[in-house]
Amino acid sequence: MTHFRSKRLSRPRHGKVVAAVLGLVAALSLGAIGDAQAAPSARAVPAADRWTDRPHGFASLAGGTTGGAGGKVVTVTDQAALAKYAAAEEPYVIRVEGALEMDPFGTEIPVASDKTIIGVSDTAEIVHGGFTLDPGTHNVVIRNLTIRDTAIEGNWDCKDTDYDGIRLDTAHHVWIDHIRFSRICDGQLDIRKDSEYVTVSYNRFTNNNKTFGIGWTPNVRTQITVDHNWFTGTKQRNPSADNCAYAHLYNNYLSSQLSDGDPVWTYGNWSRGKTKMVIENSFYDGVQHPYQADATAELVQRGSILRNTTGRHDAWGAAFDPREFYAYRLDPAAAVPALVKRFSGPQKRIGGPVELRVPAAYPTVQSAVDAVPDGNDTPVTIAVAPGTYREKVYIPASKPHLALRGTGRDRSDTVIVFDTPAEYGGSTGSATVRIAANDVTARNLTFSNDFDEAAHELKGEQALAMKTTGDRIVFEDTAFLGNQDTLMTDSPKLTTLSRVYVRDSYIEGDVDFVYGRATTVIERSVIRALSRGSDTNNGYITAASTWKGNPYGFLITKSKIVSDAPAGTFHLGRPWHPGGEPDAIAQVLIRDTQLPAAVKSSPWTDMSGFSWKDARFTECRNHGPGAGVTADRPQMSDAAARTHTVAYYLEGTDDWAPYARHH
């Protein structure tokens with residue numbers, strides 16, 4: 001079990017993020033390229049996770065495509081809400097849950113700039129409609145949805161309707177990813193009128209005539225990346241690219257092409273007009289005219305595999321080198337069918353719990369908290385990169401179900417710190433972090449209030465690193481650094497019960513540095529009692545204010561208390577009666593814990609005229625140089641100890657058991 005050096009010493013070090021993501025090709029045991037037709041891999045780049053929430057290809061260039069990152073996160077379950085947030089001026093991450101049936105039939109939801117529209121798991125659907133991005137729209141991500149069923153029986157050519165799945169008109173910076181398109185009339189995906197910086201990846205195009213078209217102007221402006229898509233049961237435009245500046249198609253799978261005997265308009269890829277197209281390591285199975293080019297266009301093909309194909313296999317001109325624009329991972333053509341069948345279309349792992357990244361998408365922890373909508377009912381993780389964040393953070397009661405997670409190797413890598421004392425705003429106002437919401441978890445982080453009490457003479461030198469008033473709060477592998485009043489676990493009012501579970505953590509301070517009225521379990525942790533330089537009294541570890549009707553206050557168990565204070569100069573605790581409240585009767589049990597020599601032989605003491613003997617202070621089976629059994633050290637009986645365990649303290653009326661995954 002490790003613990004921190006005191007905050008009075010050097011600041012916690014800045015660690016380095018070490019992330020290793022195993023490539024899925026290796027995971028599938030696909031190995032090296034074994035097909036004689038396969039092209040050499042693109043230049044070495046870090047292995048990219050196929051579930052990444054960052055686009056690649058052309059959508060990553062010229063400022064990139066971030067969608068609604070930095071905006072509020074909302075979950076929609078009906079057409080009206082989807083339309084409202086998609087059209088809003090401000091950024092949004094819009095999570096679509098369940099099947100949304102468009103009314104009237106064929107409705108295309110307008111999408112404004114700075115939006116992410118993402119399906120929750122693999123069951124989100126847009127039925128009888130789609131999306132449209134009008135001229136000027138930019139920075140849009142649409143992911144992990146099924147868009148289906150605007151086809152009309154008997155209208156195969158869609159001459160009388162134009163119900164597109166997704167249509168872009170003069171839009172730019174758009175990423176279309178992990179969508180399943182099925183039975184759309186007209187185009188499943190139409191990228192038109194000089195739209196630029198577009199990536200289309202890991203989609204599944206099925207059961208359609210005019211599938212995926214690009215272009216339709218004489219200008220030569222569009223830049224598009226099309227990779228790891230599966231075209232199956234489709235007829236034409238898989239895709240066709242008309243007058244595109246650059247069209248990079250790689251690792252796509254075309255199979256089971258629909259054929260009605262049409263000798264011309266049943267085909268795979270078509271480089272039209274003045275398009276420059278590069279096709280790499282794709283797989284064509286049962287396709288007529290797998291790839292073709294106009295005499296005015298250019299098409300370079302390398303490394304693809306063709307089975308049961310007929311018709312045109314055009315390749316001429318130099319086109320362009322995609323590697324001059326961006327790095328990419330090129331999978332072996334032989335692996336493409338298995339990869340694309342498994343990973344194209346909606347995925348359960350995408351669109352699940354929301355993750356907001358600090359500082360990648362949000363500059364501060366508080367700005368990420370602010371992005372969570374009031375009344376949030378979806379787990380949201382705020383992933384905080386290594387660094388020191390000098391800010392105050394408040395999670396209001398209206399934003400439950402949050403997790404704060406440091407992404408460094410060690411909790412000391414990610415520090416949230418401020419230096420306000422109670423002199424300026426009271427003890428609550430001094431807190432670096434305040435958690436008023438229920439169901440909040442923090443892991444792998446350090447919370448600090450580095451107010452230097454030795455350098456100031458103030459009446460209010462309390463300086464909280466953390467204050468909680470919510471219920472079901474969990475701290476795992478966290479550190480709390482301060483002096484007086486470091487960690488306060490409280491509740492909204494005296495008779496309201498709140499529960500806090502602290503595990504595998506570190507807490508340091510000198511005066512009342514673990515205090516409040518919440519039911520609080522500290523398990524398998526290190527508590528460091530800092531010396532104030534006194535030979536007689538260096539401070540108090542606990543100051544509980546438990547409501548008399550609550551049998552469970554503080555439980556410190558299977559932990560280690562350490563101190564650099566002289567022997568016999570530290571108290572285990574004293575009873576706190578806020579404002580003289582007579583019904584705040586402290587309850588503290590310290591059991592199965594190592595105590596240092598710094599603990600007094602009479603470790604409990606009075607506070608503000610209230611006797612410690614009227615409180616509920618006990619020990620049980622402690623050990624170490626500071627342990628002992630005397631008349632001034634009440635010991636809990638074995639019978640009573642059986643109902644004073646972690647489970648009893650935390651279960652409440654809802655059987656809360658955050659410890660279960662450890663025990």
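Here the structure is a predicted model, which is why all the values come from computation and not from measurement.
- When all heavy atoms are compared, the tightest approach of Asn376 to Pro400 is ND2-O, 2.8 Å.
- Side chain of Asp294 to backbone of Thr296: no donor-acceptor contact under 3.5 angstrom is found.
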Stepwise side chain to side chain donor-acceptor pair (under 3.5 Å) check, Tyr326 with Thr225: CA-CA 10 Å; Tyr326 51 79; Thr225 302; 2.8 Å; yes
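- Ring-centre distance between His248 and Tyr328: below the 6.0 Å cut-off.
- For the atom pair Leu133 CG and His172 NE2, the distance stands at 10.5 Å (nearest 0.5 Å).
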Candidate pair Arg95 and Thr75, rule side chain to side chain donor-acceptor pair (under 3.5 Å), full reasoning: CA-CA 5 Å; Arg95 304 172 72 248; Thr75 301; 2.9 Å; yes
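- Put simply, the side chain of Arg302 never gets that close to the backbone of Asn281: no donor and acceptor are under 3.5 Å apart.
- A donor-acceptor pair shorter than 3.5 Å can be found between the side chains of Thr217 and Asp194.
- Taking a cutoff of 4.0 Å between a charged side-chain nitrogen and a carboxylate oxygen, Asp169 and Arg192 qualify as a salt bridge.
- Between Asp53 and the options Arg357, Arg349, Arg143, a salt bridge (charged side-chain N to carboxylate O under 4.0 Å, His left out) holds for only Arg357.
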Derivation of the side-chain contact (heavy atoms from CB on, under 4.5 Å) call for Leu189 and Val200: CA-CA 10 Å; Leu189 177 58; Val200 178; 3.8 Å; yes
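- Side chains of Asp285 and Asn308: a donor on one and an acceptor on the other come within 3.5 Å.
- Although no hydrogens or angles enter the test, the distance criterion places no donor-acceptor pair under 3.5 Å between the side chain of Asp162 and the main chain of Asp186.
- Annotation: His173 is not in aromatic contact with His138 [ring centroid separation under 6.0 Å not met].
- A donor-acceptor pair under 3.5 Å is absent between the side-chain atoms of Tyr197 and the main chain of Ala171, judged by distance alone.
- When only modelled atom types and interatomic distance are considered, Thr65 and Asn139 share no side-chain donor-acceptor pair under 3.5 Å.
- Note on ring orientation: taking the six-membered ring where Trp is involved, the planes of Phe205 and Phe231 are parallel (angle under 30°, cut-offs 30° and 60°).
- Using a 4.0 Å cut-off between charged side-chain N and carboxylate O, Arg312 and Asp314 make a salt bridge.
- For the residue pair Arg237/Thr211, the side-chain donor-acceptor check at 3.5 Å is not satisfied.
- Phe105 and Tyr163 have their aromatic ring centers within a separation under 6.0 angstrom.
- Classification of Glu280 and Arg323 as a salt-bridged pair holds, one side-chain N sitting under 4.0 Å from a carboxylate O.
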Candidate pair Phe343 and Tyr202, rule ring pair (Phe, Tyr, Trp, His ring centres under 6.0 Å), full reasoning: CA-CA 7 Å; Phe343 295 116; Tyr202 289 94; 7.2 Å; no
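- The two residues Arg329 and Asn251 have their closest heavy-atom pair at O-OD1, 4.0 Å.
- Distance alone, capped at 3.5 Å, places no donor-acceptor pair between the Thr150 side chain and the Gly129 backbone.
- At a threshold of 4.0 Å, the pair Asp122-Arg180 does not count as salt-bridged, since none of the basic side-chain nitrogens sits closer than that to a carboxylate oxygen.
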Chi angles and distances behind the side-chain contact (heavy atoms from CB on, under 4.5 Å) call for Leu145, Val96: CA-CA 8 Å; Leu145 294 164; Val96 179; 3.9 Å; yes
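- Trp230 and Tyr253 have parallel rings, their planes meeting at less than 30° on a 0 to 90° scale where 60° marks the start of perpendicular.
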Evaluation steps, side-chain contact (heavy atoms from CB on, under 4.5 Å), between Leu356 and Val380: CA-CA 7 Å; Leu356 311 181; Val380 175; 3.9 Å; yes
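- In terms of modelled atom types and a separation under 3.5 Å, the side chain of Asn229 and the main chain of Asn203 share a donor-acceptor contact.
- Pairing each heavy atom of Arg342 with each of Gln347, the nearest pair is O-NE2, 3.5 Å.
- In this structure, Asp190 CG and Ser195 OG are separated by 10.5 Å, a value rounded to the nearest 0.5 Å.
- In this structure, Glu355 pairs ionically with Arg405, as a charged nitrogen and a carboxylate oxygen lie closer than 4.0 Å.
- Within the model, atoms CE of Met277 and CG of Leu249 stand 5.0 Å from one another, a figure rounded to the nearest 0.5 Å.
- Counting only heavy atoms from C-beta outward, the side chains of Asp242 and Ile214 never approach each other to under 4.5 Å.
- In this structure a side-chain-to-backbone donor-acceptor pair under 3.5 Å is missing from Lys115 to Ala87.
- Between the side chain of Asn219 and the backbone N or O of Arg221, no donor-acceptor pair lies under 3.5 Å.
- For the pair Gln79 and Met102, the tightest heavy-atom approach, listed with the atom from each and the gap, is OE1-CA, 3.3 Å.
- Of all heavy-atom pairs spanning Ser240 and Tyr267, the tightest one is CB-OH, 3.4 Å.
- A distance-only check finds a donor-acceptor pair linking the side chain of Thr199 to the backbone of Ala59 [under 3.5 Å].
- Partner of Tyr284 under the side-chain hydrogen bond (donor to acceptor under 3.5 Å, both in side chains) criterion, chosen from Asn269, Asn252, Thr309, Asn238: Asn269.
- When all heavy atoms of Pro55 and Trp175 are compared, the closest pair comes out as CB-CD2, 3.5 Å.
- Classification of Arg183 and Asp149 as a salt-bridged pair holds, one side-chain N sitting under 4.0 Å from a carboxylate O.
- A donor-acceptor pair under 3.5 Å is absent between the side-chain atoms of Ser271 and the main chain of Ala297, judged by distance alone.
- At a cut-off of 3.5 Å, with distance as the only test, no side-chain donor of Glu391 or Gln366 sits close to an acceptor on the other residue.
- Between atom OG1 of residue Thr234 and atom CD1 of residue Ile184 there is a gap of 13.0 Å, rounded to the nearest 0.5 Å.
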